[in-house]
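Structure first, then comments.
Letters go in sequence order (proteins before strands), and every chain restarts at 1. Values below: all heavy atoms of this structure, side chains included; hydrogens, waters and symmetry mates excluded.
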Amino acid sequence: MFEFYARSLEASMIFTFAALGELINQRSGVLNVGIEGVMLFGATLGFIVAQTTGSYAAGFAVAILVGALLGLLHGFFTITLHGDQVVSGMGIWILGFGLTTYIGSAYAGPLGLPRIPTVFGVSPFVFLSIALVPVVWFVLSKTSLGLQIRSVGENPVVAEVSGISVARTRYLCVTVGGMLMGFAGAVYALNYNPVWNYNFLMGWGFISLALVFFSLWNPWILLGGSLLFGVFWQLALNPQLVLPGLMSRYIWRTVPFAITLVVLLLMSTPWFRAKWGAARPEALGQPYVRD
Amino acid sequence: MRLGALEVKLQPRASLPGWKAALISVLAIVVALLLFSVLFVLARVSPLEAYREIISYAFFNRFGLPLSISRGIFLLLCTYAFIVPYQAGLWNIGMTGQLYLGSLAVYAVVLALGGKANPSAAYPAGLIIPLLMLAAMAAGAAYAGVAGFLKGKFNVNEIVVTMLMNFIAFWLVSYTIKEGGPFMGGSGEGEGFKLPAALNAPLVAGVPFTAFLALALAVLLTFMFAKTKVGYEIRAYGKSPAAARYAGISGLRIPVLVFLIGGALAGLAGYHYFAAVPGVYKIPTNYGYFGDLAFYGIICGLIALGHPLPAIPVALLFGGLSVGGRFAQGKLHMNFGLDYALLGVLMITLVAFQFFYRYQIVVTRLEREPADVRVLR
């Protein structure tokens with residue numbers, strides 16, 4: 001049973017990194033639905049670099065770098081060219097899915113490096129992901145930079161008038177957010193499940209995206225959600241641990257997605273919106289055109 | 001910005017005539033193919049030779065051409081499934097899940113008729129094939145309708161919903177065709193049972209009849225958008241849901257309707273590929289590969305700017321490129337996934353080109369200042 005919870009924590013660490021990246025994006029008003037694509041890129045390039053150089057550090061560094069570049073690309077399309085954020089995000093996702101399938105297929109199979117040592121029986125990245133939550137919370141809600149980010153996400157016109165550069169702030173957020181998403185992908189491919197396969201993320205990025213809506217843009221709730229979904233994910237992979245023989249293991253695989261759907265639905269009811277609807281960044285998804 | 005005696009300015013377009021939009025779309029495809037040749041160069045393959053292999057297999061080979069057409073029609077149906085909600089400003093990226101549900105419905109009906117136990121029985125094809133198509137469309141529509149309802153009633157983000165439902169459908173198919181699932185074939189290789197030969201879709205000129213149906217649907221959909229009240233309501237909702245509501249257009253009916261139509265078309269794509277294309281006639285082990293190809297529908301829909309008729313050449317071209325790409329990949333000893341890589345490059349190029357649909361580059365020649373004015377300064 002310890003093994004089950006340890007693996008759950010390790011699943012939730014990936015959700016946490018990726019969703020924190022998306023949360024930082026969204027607090028500045030930029031929606032990036034391409035999170036799965038950024039993760040695939042980070043995972044695949046990190047995997048290839050780590051395997052060819054034999055160095056985990058190099059793999060993670062490349063994953064963070066490619067995440068930053070894809071974040072910048074999303075920024076370029078949406079902030080500089082005022083493009084539709086959904087179109088750009090979809091583009092990054094399909095680019096990631098398509099190109100990594102081609103690039104990675106020559107490296108299909110296990111990573112072949114010694115596993116990263118565990119700390120208290122779990123991956124060290126579990127602690128890093130949990131430690132990152134108060135950091136993001138502190139920066140967003142207690143510092144002037146955080147105020148700047150939030151004001152850009154709520155009302156960019158007012159922010160600009162009060163002397164904040166909307167474009168610079170948003171660029172910062174999409175880059176840092178992209179780095180976290182790329183890193184999340186690398187944590188998956190280098191630590192959680194170090195085997196490269198065709199389109200192996202199978203929805204981690206989209207669940208992370210849903211987790212940000214679930215979190216009401218609050219890093220602490222996001223952590224709670226990630227921990228919960230880590231357990232669901234492990235349950236879906238190993239149903240025999242809890243309810244042996246109840247349903248086909250394939251049916252269990254649908255459970256995390258079904259639960260995400262139900263949660264999204266509950267959060268969208270008028271009752272919930274009346275109570276908590278104000279948490280959504282006002283300018284989320286809207287391009288800001290300065291005239 | 002000034003370049004010598006020229007001034008270059010970016011201006012938002014007031015309107016975009018059809019021929020200019022078409023030109024931009026063609027240019028986007030050409031640029032994407034140029035960018036894509038980098039991959040050939042990296043693999044030490046001459047891009048010209050690679051494209052020649054791809055095009056000649058896809059469009060000028062008697063084995064390749066029918067494959068390209070079947071694949072292109074599949075993409076075309078997926079494109080319609082994207083376009084109809086897109087005209088209402090909504091994103092259906094759940095074609096994959098909807099076509100899985102469609103094919104599950106087909107095989108559920110066949111199973112109920114005893115087609116698994118008795119594959120060589122004589123069935124009245126003229127009666128049952130329409131039934132299979134209806135079942136596929138109903139299942140796809142119902143599955144997509146969930147997303148439309150959640151959007152219209154509770155404003156749940158339809159992108160996330162349709163994507164989550166893709167994964168649910170993916171695992172449902174695995175359940176039905178693997179490890180003793182109800183549709184598992186006799187070979188035990190984790191694929192679905194074969195469609196009885198009597199129910200194989202009739203071929204017209206060597207291609208499944210669904211191809212002609214798909215072409216006719218383009219006309220029907222164009223008529224619907226241009227001439228009918230419901231088409232007008234869909235487009236009005238797409239321009240501005242709030243304004244549409246003031247005009248008395250229901251904020252629930254339109255999202256539900258477009259997703260029902262889109263889902264039905266995706267379901268038909270599922271029927272087409274898994275029950276009408278020669279050589280398939282079952283849910284194969286690698287159904288995930290075909291399901292993921294449905295994302296080409298997004299690209300075709302965007303390139304065609306949401307119009308069904310221009311989507312026809314685009315879908316047929318991409319169908320051919322994906323078939324030819326798979327062939328060239330084997331022949332030129334390249335990595336698996338060449339066709340997916342093309343999907344990605346096309347998509348990101350198209351995103352960049354969205355800019356040109358909205359802005360134009362205006363170049364004006366600056367009048368050279370007369371010498372006497374320059375002296376005065």
Contact part of [X] toward chain B, heavy-atom cut-off under 4.5 Å: side chain, backbone, both or neither?
| X | answer |
| --- | --- |
| I92(A) | both |
| F76(A) | neither |
| M90(A) | both |
| L99(A) | both |
| S105(A) | side chain |

Counting only non-hydrogen atoms closer than 4.5 Å, does [X] touch chain A with its backbone (N, CA, C, O), its side chain (CB onward), both, or neither?
| X | value |
| --- | --- |
| I93(B) | side chain |
| A147(B) | neither |
| V160(B) | side chain |
| I298(B) | side chain |
| Y289(B) | backbone |
| L338(B) | both |

Could you tell me whether the side chain of [Y] reaches within less than 4.5 Å of the side chain of [X], counting heavy atoms only?
| X | Y | result |
| --- | --- | --- |
| E36(A) | M163(B) | no |
| L264(A) | L164(B) | yes |
| V351(B) | S88(A) | yes |
| F355(B) | H82(A) | no |
| Y102(A) | M334(B) | yes |
| F154(B) | P270(A) | yes |

Subject >> Residue pair T101(A) / G337(B): nearest heavy atoms and the distance that separates them >> reply: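 Result for this residue pair: CG2-CA, 4.1 Å.
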Give the member of [options] that has the highest number of heavy-atom pairs under 4.5 Å with chain A.
| options | answer |
| --- | --- |
| A352(B), G288(B), G181(B) | A352(B) |
| D292(B), L150(B), T349(B), V173(B) | D292(B) |
| W171(B), Y175(B), W91(B), F170(B) | W171(B) |
| A341(B), G180(B), A169(B) | A341(B) |

Original post:
Would the F295(B) and W93(A) ring centres measure less than 6.0 Å apart?
Top reply: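 Yes.
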**OP:** Look at the aromatic rings of Y340(B) and F97(A) and report parallel, tilted or perpendicular, splitting at 30° and 60°.
**Re:**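 The arrangement is perpendicular - the two ring planes meet at more than 60°.
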**OP:** Measure the acute angle between the ring planes of F336(B) and Y198(A), then classify it against the limits of 30° and 60° as parallel, tilted or perpendicular.
**Re:**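 Judged by the thresholds at 30° and 60°, the geometry between F336(B) and Y198(A) is perpendicular.
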Kindly compute the distance separating [atom1] ([X]) from [atom2] ([Y]), expressed to the nearest 0.5 Å.
| X | Y | atom1 | atom2 | answer |
| --- | --- | --- | --- | --- |
| T260(A) | F167(B) | OG1 | CZ | 11.0 Å |
| F353(B) | L81(A) | CZ | CG | 12.0 Å |
| R253(A) | L172(B) | CZ | CG | 13.0 Å |
| I348(B) | L73(A) | CD1 | CG | 5.0 Å |

Subject >> Worked verdict on M347(B) versus L95(A) for side-chain contact (heavy atoms from CB on, under 4.5 Å) >> reply: CA-CA 7 Å; M347(B) 182 74 189; L95(A) 178 73; 5.9 Å; no
**OP:** Would you check, one step at a time, whether the test side-chain contact (heavy atoms from CB on, under 4.5 Å) holds for L209(A) with N157(B)?
**Re:** CA-CA 11 Å; L209(A) 178 62; N157(B) 184 315; over 6 Å; no
Original post:
Counting only heavy atoms not in E282(A), do more than 12 fall under 6.0 Å of its CD?
Top reply: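 It does not: E282(A) CD has 12 such atoms or fewer within range.
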